[in-house]
Amino acid sequence: MANTQNKDQYDVTNTISAFDTSCDMRVRMIKCRDGVRLHTAIYFPEDFDGTPLPALLIRTPYCSGDRLLLPDKRVAEQKIIYIVQSCRGTGFSEGNFDPTGLDTEKNDVEDLFLWLDKQSWFNGRCAMFGGSYTGWVQWCAARTGWDGLVAISPKVAPLYACLGGTLKGGGIRHELVINWVLNLYHRRKFGFSNLPDYEKMGVLTHLPLSDCDCAAGYAYAEPFHNIISNMETPGKLLDFHKGYFPELKVPALVSGGWFDPFRDETIESFLLMKSSAATEKARKLTRLYIGPWEHAGLVNSDLFGAENNQDELIAIEERFLYGLMSDPDTDPVPDIPVVRYFMIGENRWRDADTWPPAGVQSKNYYLHSNGKANTLDGDGVLSEDAPGNEKFDTYISDPANPALSCGGKCLPLGCYDRSEDEKRTDTLVYTTKPVDKALTLAGKVEFHFHASASTPDTDFCAVLTMVTPEGKSLFLSVGEIRARFRNSRDQAELLVPGEIYEYTIDLSHIAVKLEPGYALRLEVCGHYFPLFGRNPNTGKELKDDTELISSTHCIYHDAAHPSFLVLPVMAE
């Protein structure tokens, strides 16, 4: 291929075959407002005669520096123009990739839109698609307010996580910060071959966190340092997106998975679109589709069925995008409900007009024990009975030996069995009685609790599982709270050791039906590593701390200090 770093544009030079479908390609290096040029591949139908056509756009950081991303056969066969633009600092694009810039992607896509408006072959209608980071850049594109953007389809898309690796409770997405940020940095510097295994290299457990780029063999990875600097003040990143949704006017097909790390952001984006988007059309046409999937698609096919993959979603996505490109003022999928979701346990799809679905009521399930809730063999109980005079539970949270996510591996296990993790003495376990009749939950779960710690800072984590009659404890959701951010995510406040504080952990949204004989379980522990970062417990600056100390956690659940789950119970 020609050296795109030295030319601004190229004429039609190639007719390529993409899955037995031919199309013509042009390449442009489109200049942004700061002079950086972004590699943009434009694919035309093979028989294109110059009549203006709509454009389907994906902006991505995942293009290789030695090959182009070709259109899928179904796209190439459409009478549309397909555009692939590499985000700055990726693929053949110039500049440096740094996801922490709040307006970088917005400005870059806005410059692309200004260029598109001048092209004779473009008919003024553009739709965008893509998942993960390519989903997040669609929200950035919607912020431009460009009239030519008629539809977006963000899939498993973050709203804030990629800006600083931030968790809603103030912690950090440790695995994402290490594996994703450093991996993209490596690709830009050294290419796609021989990508490092940071887990085997010990980078995930290296201290201090601020030196992990050096531990991975890089002198200084600026995007990595920008991300971990943001962990000291997470509030700005966690709330940034809420201010721009009232300005958005493009309909969105929002989709995600119950086991995707961005599940909460998927549902929040849908709710914000329905409640506050700028136009009635955007509010009315926006849909939510959420299935038994993790970040890359179907997980646990043995539990949920191989047929519950994303084939139906892909077909609906095509109708949604192509329909709005053809007629931006008409609902392209009038037969598709506002919300389509997979009910775990029942293992079938349900439809709803809202999220949560109609008929959901909040119920409190309280923690109980005689002070011995440690491990799954302890005496921890969840029930609707209010607490009385009960002894608190205690465990040691040791960041040098943290409670683990996915068996301590960087693996997307989905609805996996956590029974082995629940044998640890640093994990409290509270379980309901097996239900006599089906219990259906659909909506957000919260954990409100009272606790003390022996250190000036620490983390509390909560894991929700479904217990089968055979004793498997199947993962449903997880959340955390970093104690220093218990009152404000903008201002850190250290603990007085031994003092009792009230906390809330957001356990995200679920859709689960417990059939007779099943039970619900809550784990309480100090870590969920390596998915979540460890808290050293010292109260020092987190990114530069090299000391790890144990913290004694006491979880209270008496009449004066009740601790309870708030569950979204559906009447059926």
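One finds the CG atom of Asn364 at 12.0 Å from the CG atom of Asp385 (value rounded to the nearest 0.5 Å). For the atom pair CG (Leu313) and CG (Leu253), the distance works out to 6.0 Å, reported to the nearest 0.5 Å. Going from atom CE of Met128 over to atom CG of Leu149 covers 7.0 Å, rounded to the nearest 0.5 Å.
Salt bridge Lys423/Glu420: present, at least one basic N to carboxylate O contact under 4.0 Å. A salt bridge does not link Asp260 with Arg263: every distance from a Lys NZ or Arg NE/NH1/NH2 to an Asp or Glu carboxylate oxygen is 4.0 Å or more. Looking at Glu312 and Arg340, a side-chain N of the basic residue comes within less than 4.0 Å of a carboxylate O on the acidic one, giving a salt bridge. For the pair Arg482 and Asp457, the salt-bridge criterion is not met [side-chain N within less than 4.0 Å of a carboxylate O]. Electrostatic pairing of Arg348 and Glu346 counts as a salt bridge here, judged by a charged N lying under 4.0 Å from a carboxylate O. Using a cut-off of 4.0 Å between Lys/Arg side-chain N and Asp/Glu carboxylate O, Lys444 and Asp506 are scored as salt-bridged.
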Practice prompt. In sequence, state the C-alpha distance, the side-chain angles, and the governing distance for Leu167 and Phe532, and then conclude on side-chain contact (heavy atoms from CB on, under 4.5 Å).
Written response: CA-CA 8 Å; Leu167 290 161; Phe532 299 167; 3.5 Å; yes
Fill in: Verdict with supporting geometry, Glu523 and Tyr430, side-chain hydrogen bond (donor to acceptor under 3.5 Å, both in side chains)
CA-CA 7 Å; Glu523 301 173 26; Tyr430 304 89; over 6 Å; no
Worksheet item: So Leu507 and Leu565, side-chain contact (heavy atoms from CB on, under 4.5 Å) or not? Walk me through it.
Response: CA-CA 9 Å; Leu507 277 160; Leu565 278 174; 3.8 Å; yes
Worksheet item: Between Ser419 and Asp417, does a side-chain hydrogen bond (donor to acceptor under 3.5 Å, both in side chains) hold up when you go through it step by step?
Response: CA-CA 6 Å; Ser419 297; Asp417 184 7; 2.7 Å; yes
Fill in: From CA spacing to verdict: side-chain contact (heavy atoms from CB on, under 4.5 Å), Met466, Ile344
CA-CA 10 Å; Met466 171 177 64; Ile344 294 167; 4.2 Å; yes
Worksheet entry | From CA spacing to verdict: side-chain hydrogen bond (donor to acceptor under 3.5 Å, both in side chains), Glu390, His368 | CA-CA 7 Å; Glu390 300 184 15; His368 300 278; 2.6 Å; yes
Worksheet entry | salt bridge (Lys or Arg N to Asp or Glu O under 4.0 Å) between Asp379 and Lys372, worked out | CA-CA 6 Å; Asp379 62 1; Lys372 297 180 181 180; over 6 Å; no
Practice prompt. Could you walk me through whether Tyr503 and Phe460 pass the ring pair (Phe, Tyr, Trp, His ring centres under 6.0 Å) test, one step at a time?
Written response: CA-CA 9 Å; Tyr503 299 89; Phe460 296 95; 4.9 Å; yes
Practice prompt. Determine, step by step, whether Ile555 and Leu428 satisfy the side-chain contact (heavy atoms from CB on, under 4.5 Å) criterion, reporting the C-alpha distance in whole Å, the side-chain angles of both residues, the deciding distance to 0.1 Å, and the verdict.
Written response: CA-CA 9 Å; Ile555 305 298; Leu428 305 180; 3.6 Å; yes
Practice prompt. Report the C-alpha distance between His295 and Phe262 in whole Å, list the side-chain angles of each, state the deciding distance to 0.1 Å, and finish with yes or no for ring pair (Phe, Tyr, Trp, His ring centres under 6.0 Å).
Written response: CA-CA 8 Å; His295 204 57; Phe262 307 131; 5.3 Å; yes
Practice prompt. Would you sort out whether Lys168 and Asp264 count as a salt bridge (Lys or Arg N to Asp or Glu O under 4.0 Å), showing the intermediate values?
Written response: CA-CA 9 Å; Lys168 185 165 283 189; Asp264 198 61; 2.4 Å; yes
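Contact detail for Pro536 and Pro399: the closest heavy-atom pair is O-CG, 4.1 Å. Contact record, Val156 with Gly256: CG1-CA, 4.0 Å, taken as the closest heavy-atom pair. For the pair Thr431 and Val429, the tightest heavy-atom approach, listed with the atom from each and the gap, is OG1-CG1, 3.8 Å. The nearest pair of heavy atoms linking Leu163 to Pro99 is CD2-O, 3.1 Å. Nearest heavy atom pair, residue Ser362 against residue Val566, reads CB-CG1, 3.8 Å. Of all heavy-atom pairs between Ala278 and Lys249, the closest is CB-CB, 4.4 Å.
Taking the side chain as every heavy atom from C-beta outward, Lys391 and Asn370 never approach each other to under 4.5 Å. With contacts defined as side-chain heavy-atom distances shorter than 4.5 Å, the pair Ile505/Phe449 qualifies. Side-chain contact between Glu493 and Phe485: absent, with no pair of heavy atoms (C-beta onward) separated by less than 4.5 Å. Glu499 places none of its side-chain heavy atoms less than 4.5 Å from the side chain of Ser452. The shortest side-chain heavy-atom distance between Thr440 and Arg350 falls under the 4.5 Å cut-off. Counting only heavy atoms from C-beta outward, the side chains of Leu209 and Met231 approach each other to under 4.5 Å. At a threshold of 4.5 Å between non-hydrogen side-chain atoms, the residues Arg424 and Leu404 count as touching. Using a 4.5 Å cut-off on side-chain heavy atoms (C-beta onward), Thr427 and Asn374 make no contact.
Just one residue in the list Asn537, Thr455, Thr538 forms a side-chain hydrogen bond (donor to acceptor under 3.5 Å, both in side chains) with Ser551, and that residue is Thr455. If you run salt bridge (Lys or Arg N to Asp or Glu O under 4.0 Å) between Asp331 and each of Lys284, Arg287, Arg319, Lys281, only Arg287 comes through.
Arg173 places a side-chain N or O within donor-acceptor distance of the main-chain N or O of Pro261, the cut-off being under 3.5 Å. A side-chain donor-acceptor contact under 3.5 Å links Asn347 to the backbone of Leu303. A side-chain donor-acceptor contact under 3.5 Å links Tyr416 to the backbone of Cys406. Counting only distance, with no hydrogens or angles, the side chain of Glu515 and the backbone of Ala438 share no donor-acceptor pair below 3.5 Å. In this structure, Thr286 contributes its side chain and Lys274 its backbone to no donor-acceptor pair below 3.5 Å. Side-chain N or O atoms of Ser301 include none that pairs as donor or acceptor with a backbone N or O of Gly305 at under 3.5 Å. Not one N or O on the side chain of His553 forms a donor-acceptor pair closer than 3.5 Å with the backbone of Ser397.
Ring centroids of Trp136 and Tyr160 are separated by 6.0 Å or more, keeping the two rings apart. Checked against the 6.0 Å centroid criterion, the rings of Phe342 and Phe304 qualify as a close aromatic pair. Here the two rings, on Trp349 and Tyr289, have centers that are under 6.0 Å apart.
Stacking of Arg418 on the aromatic ring of Phe475 is not recorded, the 6.0 Å distance cut-off and the 45° axial limit not both being met. By the 6.0 Å and 45° rule, Arg143 stacks over the aromatic ring of Tyr244. Both tests pass for Arg486 against the ring of Tyr501: distance under 6.0 Å to the centre and angle within 45° of the axis.
Using cut-offs of 30° and 60° on the angle between ring planes, the pair Tyr341 and Trp355 is perpendicular.
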